[in-house]
Amino acid sequence: QVQLGESGGGLVQAGGSLRRSCAASGRTISIYRMGWFRQASGKERELVATISRSGGTTYYADSVKGRFTISRDNTKNTVDLQMNSLKPEDTAVYYCAAGSRLSAVVGGRGVDYWGQGTQVTVSS
C-alpha cells in the first residue's frame, strides 16, 4: 500500500505561482509512474501531467504545457508540481496519483493510489 500526502495548495492571484508537493509513505514510489490530476467544480477529473519512473519522460496536458513542471525525487519519495503563470481556469482540486500503468492514454484507469486532493484557487 502507498499513502500519498499532499501539500502546497491555496489561493493565488492570476499570473502567480504555486508549488504542489506529494510525499509518499508505505512503499517506494520508484516502481510507479506518478502524475497529477485536477477536478474543477462540475467537471470531470482530468490528467494534468505524468512522469516516468526515472523522471526522464514527462507528459503535460495542452492546457498547462509551458506553465507547469512535474518532477520527482525517488530518494525522498516525493513528486512535485510547479505551477507558474496561473490562470483562473486552473482553479480545481488537485490530486497526486501513483500507478504502474499510469499514462496519458489510460488516464485515471491507470491509477493505483490517489492522494486526498487539495484545493487550488486562482483569482482574477
Side-chain angles (χ1 to χ4, degrees):
Q1 291 287 334
V2 175
Q3 292 79 43
L4 301 174
E6 302 168 23
S7 62
L11 173 65
V12 66
Q13 288 188 332
S17 299
L18 279 176
R19 188 175 184 86
R20 298 297 323 284
S21 294
C22 176
S25 60
R27 182 179 292 182
T28 175
I29 63 169
S30 63
I31 63 174
Y32 295 103
R33 299 172 182 173
M34 300 297 294
W36 289 90
F37 290 74
R38 68 186 181 186
Q39 186 167 19
S41 180
K43 296 186 178 180
E44 293 187 354
R45 191 173 299 187
E46 64 172 348
L47 177 63
V48 175
T50 66
I51 189 167
S52 62
R53 294 176 180 86
S54 68
T57 303
T58 56
Y59 160 84
Y60 297 95
D62 287 344
S63 57
V64 306
K65 199 172 294 183
R67 300 187 297 121
F68 289 14
T69 302
I70 188 171
S71 60
R72 68 189 295 164
D73 187 335
N74 289 339
T75 64
K76 296 180 179 179
N77 237 25
T78 58
V79 60
D80 292 342
L81 184 69
Q82 177 66 40
M83 303 183 291
N84 298 328
S85 301
L86 283 160
K87 304 175 181 180
E89 50 264 43
D90 293 318
T91 295
V93 176
Y94 282 72
Y95 298 88
C96 177
S100 55
R101 299 184 302 112
L102 177 59
S103 73
V105 175
V106 299
R109 292 180 288 113
V111 175
D112 297 316
Y113 303 101
W114 292 97
Q116 80 277 13
T118 52
Q119 180 71 41
V120 171
T121 302
V122 184
S123 63
S124 58

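Quick caveat: nothing in here was measured; it's all calculated off a predicted structure.
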Discussion item. Determine whether Arg20 and Asp80 satisfy the following criterion, salt bridge (charged side-chain N to carboxylate O under 4.0 Å, His left out), listing intermediate values before the conclusion.
Written reply: CA-CA 6 Å; Arg20 298 297 323 284; Asp80 292 342; over 6 Å; no
Worksheet item: Can you check side-chain contact (heavy atoms from CB on, under 4.5 Å) on Ile70 and Val79, steps first, answer last?
Response: CA-CA 7 Å; Ile70 188 171; Val79 60; 4.0 Å; yes
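For the pair Asn77 and Ile29, the tightest heavy-atom approach, listed with the atom from each and the gap, is OD1-N, 2.9 Å. Nearest approach of Leu4 to Ala24, heavy atoms of both residues: CD2-CB, 3.7 Å. Scanning both residues, Ser17 and Asn84, for their nearest heavy atoms gives OG-OD1, 2.9 Å. Across every non-hydrogen atom of Ala40 and Ala92, the tightest pair is N-CB, 3.7 Å. Across every non-hydrogen atom of Ser103 and Arg33, the tightest pair is CB-NH1, 3.9 Å. A pairwise comparison of heavy atoms in Gln119 and Val93 identifies OE1-CG2, 3.2 Å as the closest pair.
With sequence neighbours excluded, no residue forms a side-chain hydrogen bond (donor to acceptor under 3.5 Å, both in side chains) with Ser123. A search for salt bridge (charged side-chain N to carboxylate O under 4.0 Å, His left out) contacts involving Arg53 returns nothing, not counting sequence neighbours. For Ser124, the side-chain hydrogen bond (donor to acceptor under 3.5 Å, both in side chains) test picks out no residue, with sequence neighbours left out. Under the side-chain hydrogen bond (donor to acceptor under 3.5 Å, both in side chains) criterion, Asn74 pairs with Arg72, sequence neighbours left out.
Judged purely by distance below 3.5 Å, without hydrogens or angles, the side chains of Asp73 and Thr78 never pair a donor atom with an acceptor atom. Side-chain polar atoms of Tyr60 and Arg67 form no donor-acceptor pair below 3.5 angstrom.
Considering only heavy atoms from C-beta on, Thr58 stays 4.5 Å or farther from Ser52 through its side chain. Here the side chains of Gln82 and Ser71 are not in contact, with every heavy-atom distance at 4.5 Å or above. Counting heavy atoms from C-beta outward, Val12 and Thr121 have side chains that stay 4.5 Å or more apart. For the pair Tyr113 and Gln3, the minimum side-chain heavy-atom distance is 4.5 Å or more.
Salt-bridge formation is not detected for the pair Lys87/Asp90: no Lys NZ or Arg NE/NH1/NH2 atom is positioned less than 4.0 Å from an Asp or Glu carboxylate oxygen.
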Got a list of side-chain donor-acceptor pairs under 3.5 Å for residues 41-49, not counting sequence neighbours?
{"residue": "Glu46", "atom": "OE2", "partner": "Arg38", "partner atom": "NE", "Å": "2.6"}
{"residue": "Glu46", "atom": "OE2", "partner": "Arg38", "partner atom": "NH2", "Å": "3.3"}

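Expressed to the nearest 0.5 Å, how far OH of Tyr95 lies from CD of Glu6 amounts to 8.5 Å.
Trp114 and Val120 fall into different hydrophobic clusters, where Ile, Leu, Val, Met, Phe, Trp and Tyr residues are linked whenever their side-chain heavy atoms come under 4.5 Å apart, directly or through other members. Leu102 and Val2 fall into different hydrophobic clusters, where Ile, Leu, Val, Met, Phe, Trp and Tyr side chains are chained together by heavy-atom contacts under 4.5 Å. Note: the hydrophobic cluster containing Met34 also contains Ile31 (ILVMFWY, side chain heavy atoms under 4.5 Å, direct or indirect links). No chain of hydrophobic side-chain contacts below 4.5 Å, direct or via other Ile, Leu, Val, Met, Phe, Trp or Tyr residues, connects Leu81 to Val111. Linking ILVMFWY side-chain heavy atoms closer than 4.5 Å, directly or via other members, places Tyr94 and Ile51 in a single hydrophobic cluster.
Outside the 6.0 Å centre-distance limit, the rings of Phe68 and Trp36 are not counted as a close aromatic pair.
Between the side chain of Thr91 and the backbone N or O of Val122 there is at least one donor-acceptor pair closer than 3.5 Å.
Note on residues 108-124: no pairs pass salt bridge (Lys or Arg N to Asp or Glu O under 4.0 Å), not counting sequence neighbours.
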